[in-house]
Undergrad: 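Let me begin by handing over the structure; questions about it come next.
Note that the coordinates shown come from a computational prediction; the quantities given were computed from them, not determined experimentally. Throughout, residue positions are numbered sequentially from 1 according to the sequence presented.
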Amino acid sequence: MFTIMAPVGVAKLPARLFLLFLCLTLRAGMLQFASATIQGYIGDRDMICPSVCRCDEDFIYCNDRGLSSIPSLPPSASVLYLQNNQINNPGLPTSLERQLAIRVVYLYDNELDEFPVHLPPSIRELHLQDNNIRTIPRSALARMPLLEKLHLDDNSISTVSIEDQAFADNPRLRLLFLSRNHLSSIPSGLPASLEELRLDDNRISTIPTHAFRGLSSLRCLVLDGNLLANQRIADDTFSRLANLTELSLVRNSLQTPPVNLPSAHLQRLSLQENALTHMPRGSLEGMHRLLRLDLSGNNLTTLPRGLFKDLDSLGQLLVRGNPWHCGCNLRWLYDWLHARGNTITVRGLNCHGPDRVRDMALKDLASEMEECELVRTAGTRDRVGGGGVDTSTTHTPPQGSLFTLRSKRPGLGLPDSGLDYTLSSSGVGKSLALNVKPLSHNSVRVTWSVAQPSSSFRLSWLRLGTGNAMGSITETLVRGDRREYLLTSLQPRSSYIICMVPLAASSESKGAISGDADPDEALVCAKAETSDPTPLEEDENEDSKQMTVLPLAGIVGGATAIVSLALIFGIFCWYGHRTGHLCTRDHYTRKHSRKKKSCDDYIESGTKKDNTILEIRSPGFQMTPLAAGQPMQPKPLREDYIIHTIYPSNGTGLYKGDNHVSDAGHGTNRGYREGGIPDIDYCYT
């Protein structure tokens, strides 16, 4: 049995070894497969998120890395943060166009000089602000038909660098930011889908009628920091924006709000930091949904009654930085604010004048507002105490008028001298409110507001004398478009009654002040008192008087000296002429022996020529030719004349004889021809 069993055991040994080898081989293969799988996973992970970026699912953060180009991106990337790098246009790979999952790209604060052209067509939101992009081509925008938001702030885009119909292939564009560029006008061809447009801090100065044509969906319009003025905005510019809810016109040059503002849906209106001096009564009409109104940083002194009548939903009123004059002119606003109670928040409605209420809030002037009593009587002056009035213009008040007249007995009806004007610096009529304010010891500022326009106003002021004595009245005609006037050259320490009445349009004539007052209007008067001049002003007045007197004295003295010298010189010449010291032939010959005589030397004093005699009437001698009446002979070089003096010659007679040879340069026609005298001016004896 032993011999039989041995071969069987030996036969089983190789089978076991084979099984062991097979198990080891399978285990090694499994280890290699696992290792390869792990290495492949790691390689795929490196390909999904670039090493220089940080990834959070489909959000790729490559910002602030100093990149000059965009690295390879995973196919699943949807939002790319690439801002604050140094990426330029060549740094945008063409492969980016195939990243169809990308929806938002942040490329602001880079070094792009042109609008990028290799962006994927799936983009909905693109941030390109703070680059140096100069043009907006239509072809580049046409590659992104799904674009909804485009940010191009802080670039170098001008109006002419935007291609015509550049946004025609972007029907979904809802937001366009072009702030802080070089635009001089509203870009044309904006898509009708636009809902928010920001054009602040550009150079836009004019808005024509068609600027916002077709933008019926626009809800927010920002035009802050431009060069807009009322005269360069078309009347119906904003009326086309029927669905506008927010309008911002901060930091422009507006004097009044633009006309025809959209009122149906407007909720926020920002007009701060302009040059507003007046708010027309109907400028906020129909704005029932307005929630916030900002009028800060302007030059408003008052607001007209009824301005807020439609502002039922107003919750914020910001008016700080205005020189509010808190008088009876704002009594209506005081009542309106108290009626609204806690439903409205007011900021900055603090009084700038009068002095007694300076720096006080309008809502705290309960006692002052109770003093305001309006009395209206037909045909008489209406009066209100402690008030102010609207100033609707900042133009320099006129310093006088060509139509100013003075008369001892004025043609304008005088105010009742028995009434006391001590506490009244304003007056209110049916459609005119008048306010006066002394500015210095000799000037008073007159301002007024009217409910309806007038062709002109007649302004009169009367200086009250001592007691009840009435002085003279000064009247002037003021144009209907003015709202203030400056009275100058008034007397210090004096009381003046200042009155105004609108003139009927049919009564105004050219250059006349005799127009009739509107029969429906009563004379509106107020009183002002000029102050005492300060010592400095008195010294200036004295200096000015002295400076006025000194030139006058100099002129008179100089004229007197000139007249005296002329008189002395005339006497000297007359005496010399009489004694012959200045006009003798010897003296003339000595002084002018080297000069050639002109024709005028012979014909001065008046000459009269005939055929026989030549008379020189002053100094008085005559010349008679010896050969008178005989045929004319050629004149020899020696001309024999006998000069007979009519008056005594005082020893200075002249004789030409045979022994005297005439100088060719003196006394002959040849001498005059050589002297350059024209033939027409020859002098013949």
Side-chain angles (χ1 to χ4, degrees), residues 40-158 160-163 166-167 169-170 173 175-183 198 201-202:
Y41 175 77
I42 294 175
D44 291 341
R45 182 177 178 84
D46 290 340
M47 183 186 67
I48 290 174
C49 186
S51 59
V52 296
C53 304
R54 181 176 63 86
C55 301
D56 185 3
E57 296 182 353
D58 56 346
F59 289 73
I60 312 301
Y61 296 92
C62 300
N63 55 294
D64 300 281
R65 299 296 201 276
L67 302 177
S68 59
S69 62
I70 300 177
S72 298
L73 301 172
S76 61
S78 64
V79 181
L80 303 182
Y81 293 92
L82 298 167
Q83 68 271 19
N84 299 323
N85 282 293
Q86 300 175 8
I87 300 173
N88 51 26
N89 290 90
L92 275 68
T94 57
S95 60
L96 197 61
E97 297 178 356
R98 297 186 292 271
Q99 301 284 339
L100 301 181
I102 296 177
R103 295 179 291 104
V104 182
V105 176
Y106 292 90
L107 269 171
Y108 63 83
D109 196 8
N110 277 281
E111 297 181 1
L112 299 174
D113 294 328
E114 299 177 358
F115 198 96
V117 295
H118 297 303
L119 297 177
S122 58
I123 288 183
R124 267 77 167 175
E125 184 175 345
L126 180 59
H127 293 259
L128 295 174
Q129 57 266 40
D130 203 7
N131 280 278
N132 193 31
I133 298 173
R134 294 184 291 270
T135 61
I136 303 180
R138 178 177 179 178
S139 58
L141 287 172
R143 297 171 179 265
M144 298 175 287
L146 303 179
L147 188 64
E148 298 178 358
K149 298 179 181 180
L150 178 58
H151 297 259
L152 286 168
D153 316 69
D154 297 286
N155 280 281
S156 302
I157 301 170
S158 61
V160 296
S161 66
I162 301 177
E163 187 178 348
F167 305 97
D169 300 315
N170 304 100
L173 189 63
L175 183 147
L176 178 60
F177 284 9
L178 285 167
S179 306
R180 293 174 296 280
N181 278 279
H182 306 316
L183 301 177
R198 292 182 177 267
D201 294 299
N202 279 279

Undergrad: Take the angle between the ring planes of Tyr106 and His127 and call it parallel below 30°, perpendicular above 60°, tilted in between.
TA: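 Ring orientation, 0 to 90° scale: parallel.
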Undergrad: Looking only at heavy atoms, what is the nearest atom pair of Leu73 and Ile70, with distance?
TA: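 Residues Leu73 and Ile70, closest heavy atoms: CD1-CG2, 4.1 Å.
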Undergrad: Is the backbone N or O of Leu152 less than 3.5 Å from a side-chain atom of Asn181, with the two atoms forming a donor-acceptor pair by type?
TA: yes
Undergrad: Given side-chain hydrogen bond (donor to acceptor under 3.5 Å, both in side chains), test Asp58 with Ser76 step by step and report yes or no.
TA: CA-CA 6 Å; Asp58 56 346; Ser76 61; over 6 Å; no
Undergrad: Using every non-hydrogen atom in the two residues, find where Arg180 and Asn202 come nearest and quote the distance to one decimal.
TA: N-ND2, 3.8 Å
Undergrad: Looking at Tyr61, is its backbone amide N or carbonyl O close enough to the side chain of Asp56 to form a donor-acceptor pair, meaning the two atoms are under 3.5 Å apart?
TA: no
Undergrad: Considering all heavy atoms of both residues, which atom of Thr135 and which atom of Phe115 are nearest to each other, and what is their separation?
TA: O-CB, 3.9 Å
Undergrad: Between Cys62 and Leu67, is any pair of side-chain heavy atoms under 4.5 Å apart?
TA: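 Result yes, sub-4.5 Å side-chain heavy-atom pair found.
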Undergrad: If I take atom CD from residue Glu114 and atom CG from residue Asn132, how far apart are they, to the nearest 0.5 angstrom?
TA: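 The CD atom of Glu114 sits 10.5 Å away from the CG atom of Asn132.
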Undergrad: Taking Asn63 for its side chain and Gln83 for its backbone only, find out whether a donor-acceptor pair lies under 3.5 Å.
TA: no
Undergrad: For the residue pair Ser161 and Glu163, establish whether any side-chain heavy-atom pair is separated by less than 4.5 Å.
TA: no
Undergrad: Check side chain to side chain donor-acceptor pair (under 3.5 Å) between Ser95 and all other residues, then give those that pass, not counting sequence neighbours.
TA: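 Here no residue qualifies.
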Undergrad: Closest heavy-atom contact between Ala142 and Asp169?
TA: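 In this case the closest contact between Ala142 and Asp169 is CB-OD2, 3.4 Å.
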Undergrad: Specify the closest pair of heavy atoms between Gln129 and His151, including all atoms of both residues, with the distance to one decimal.
TA: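 Scanning both residues, the minimum pair turns out to be OE1-CB, 3.1 Å.
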Undergrad: Any side-chain to backbone donor/acceptor pair from Asn110 onto Ile87? Under 3.5 Å, distance only.
TA: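 Answer holds: yes.
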Undergrad: Return yes if some donor-acceptor pair links the side-chain N/O of Asn88 with the main-chain N/O of Glu111 below 3.5 Å, else return no.
TA: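 Flag not set: sc Asn88 to bb Glu111 has no pair under 3.5 Å.
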Undergrad: Taking the side chain as C-beta and beyond, is there a heavy-atom pair between Pro50 and Cys55 under 4.5 Å?
TA: yes
Undergrad: If only atom types and distance count, is the side chain of Asn131 paired as donor or acceptor with the main-chain N or O of Leu107 below 3.5 Å?
TA: yes
Undergrad: Return yes if some donor-acceptor pair links the side-chain N/O of Asn85 with the main-chain N/O of Gly66 below 3.5 Å, else return no.
TA: yes
Undergrad: Taking side-chain contact (heavy atoms from CB on, under 4.5 Å) as the criterion, tell me which of Val104, Leu150, Val105, Leu80 meets it with Ile123.
TA: Val105
Undergrad: Between Ser122 (side chain) and Ile102 (backbone), is there a donor-acceptor pair under 3.5 Å?
TA: yes
Undergrad: Between the side chains of Asp201 and Ser179, is a donor N or O closer than 3.5 angstrom to an acceptor N or O?
TA: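 No donor-acceptor contact under 3.5 Å links the two side chains.
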Undergrad: Taking side chain as C-beta onward, heavy atoms only, is His118 less than 4.5 Å from Pro93?
TA: no
Undergrad: Measure the shortest side-chain to side-chain distance between Tyr108 and Asp153 over non-hydrogen atoms and say whether it is less than 4.5 angstrom.
TA: no
